K.L.:
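Input: one structure, supplied below.
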Amino acid sequence: MNLEPVLGKVIIQVDKQDEKIGNTNLFVPEVTREKELGLGLCLTGKYKGKKVCYKKYAGDEMEVDSKSLFVVDEEDILAIVKEV
């Protein structure tokens, strides 16, 4: 991938199929999943390699190398999803 974010942005690989949060019994609600909350793997920045929840409408979606990517401000990452 030849994409490098600038000015405090991070790239997140969108995880559209994962409705369950980690190995828990918690699920991302349908309303939240469609409207405001995104879930994916952070590919850059200080959260690189971690699964994160982010403000879905705070960034821009694009497709690169058949992967759905989202570019958001690093401050729009709401939480890190930790495996239990």
Side-chain angles (χ1 to χ4, degrees):
M1 176 177 71
N2 292 326
L3 194 62
E4 183 179 336
V6 295
L7 300 173
K9 303 277 189 195
V10 294
I11 298 173
I12 297 173
Q13 183 174 345
V14 179
D15 190 358
K16 293 189 181 213
Q17 297 180 7
D18 194 4
E19 298 174 1
K20 195 172 178 183
I21 298 176
N23 290 328
T24 67
N25 290 327
L26 300 174
F27 287 85
V28 178
E30 182 75 26
V31 173
T32 304
R33 199 169 53 243
E34 289 181 1
K35 303 252 181 194
E36 298 175 10
L37 182 66
L39 188 64
L41 179 67
C42 190
L43 301 178
T44 61
K46 66 180 177 183
Y47 303 114
K48 182 176 182 177
K50 297 184 180 190
K51 193 171 214 175
V52 295
C53 293
Y54 59 93
K55 294 180 184 176
K56 190 172 185 178
Y57 291 114
D60 297 301
E61 191 171 7
M62 62 182 68
E63 192 165 317
V64 177
D65 298 332
S66 300
K67 295 179 185 175
S68 183
L69 303 176
F70 218 76
V71 180
V72 300
D73 290 328
E74 198 166 54
E75 62 198 29
D76 289 330
I77 293 178
L78 302 173
I80 297 172
V81 179
K82 294 188 177 186
E83 300 296 325
V84 178

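Along the sequence shown, the residues carry numbers beginning at 1. Atom set for the values below is all heavy atoms of this structure, side chains included, hydrogens, waters and symmetry mates excluded. Computed from a prediction, not measured in an experiment: that's the story for all the values here.
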K.L.:
Rounded to the nearest 0.5 Å, what's the gap from OH on Y54 to CG on L37? Could you check?
P.N.:
8.5 Å

K.L.:
According to side-chain contact (heavy atoms from CB on, under 4.5 Å), who are the partners of E75, at least two apart in sequence or on a separate chain?
P.N.:
D73

K.L.:
In this structure, are over 12 heavy atoms from other groups packed under 6.0 Å from E63 atom CD?
P.N.:
yes

K.L.:
Let me confirm one number: the CD1-NZ distance from I11 to K67, rounded to the nearest 0.5 Å.
P.N.:
11.0 Å

K.L.:
To the nearest 0.5 angstrom, please state how far the OG1 atom of T44 sits from the NZ atom of K9.
P.N.:
11.5 Å

K.L.:
Closest approach of E74 and V10, non-hydrogen atoms and distance?
P.N.:
OE2-CG1, 3.7 Å

K.L.:
Nearest 0.5 Å, what's the CG-CG distance between L3 and L69?
P.N.:
7.0 Å

K.L.:
Could you tell me which residues satisfy side-chain contact (heavy atoms from CB on, under 4.5 Å) with K48, sequence neighbours excluded, listed by chain and number?
P.N.:
none

K.L.:
Between SG of C42 and CD1 of I12, what distance do you get to the nearest 0.5 Å?
P.N.:
5.0 Å

K.L.:
Quick one: does any side-chain atom of S68 pair with a main-chain N or O of V14 as donor and acceptor, under 3.5 Å?
P.N.:
no

K.L.:
Determine whether V71 and M62 satisfy the following criterion, side chain to side chain contact (heavy atoms under 4.5 Å, CB included), listing intermediate values before the conclusion.
P.N.:
CA-CA 8 Å; V71 180; M62 62 182 68; 3.6 Å; yes

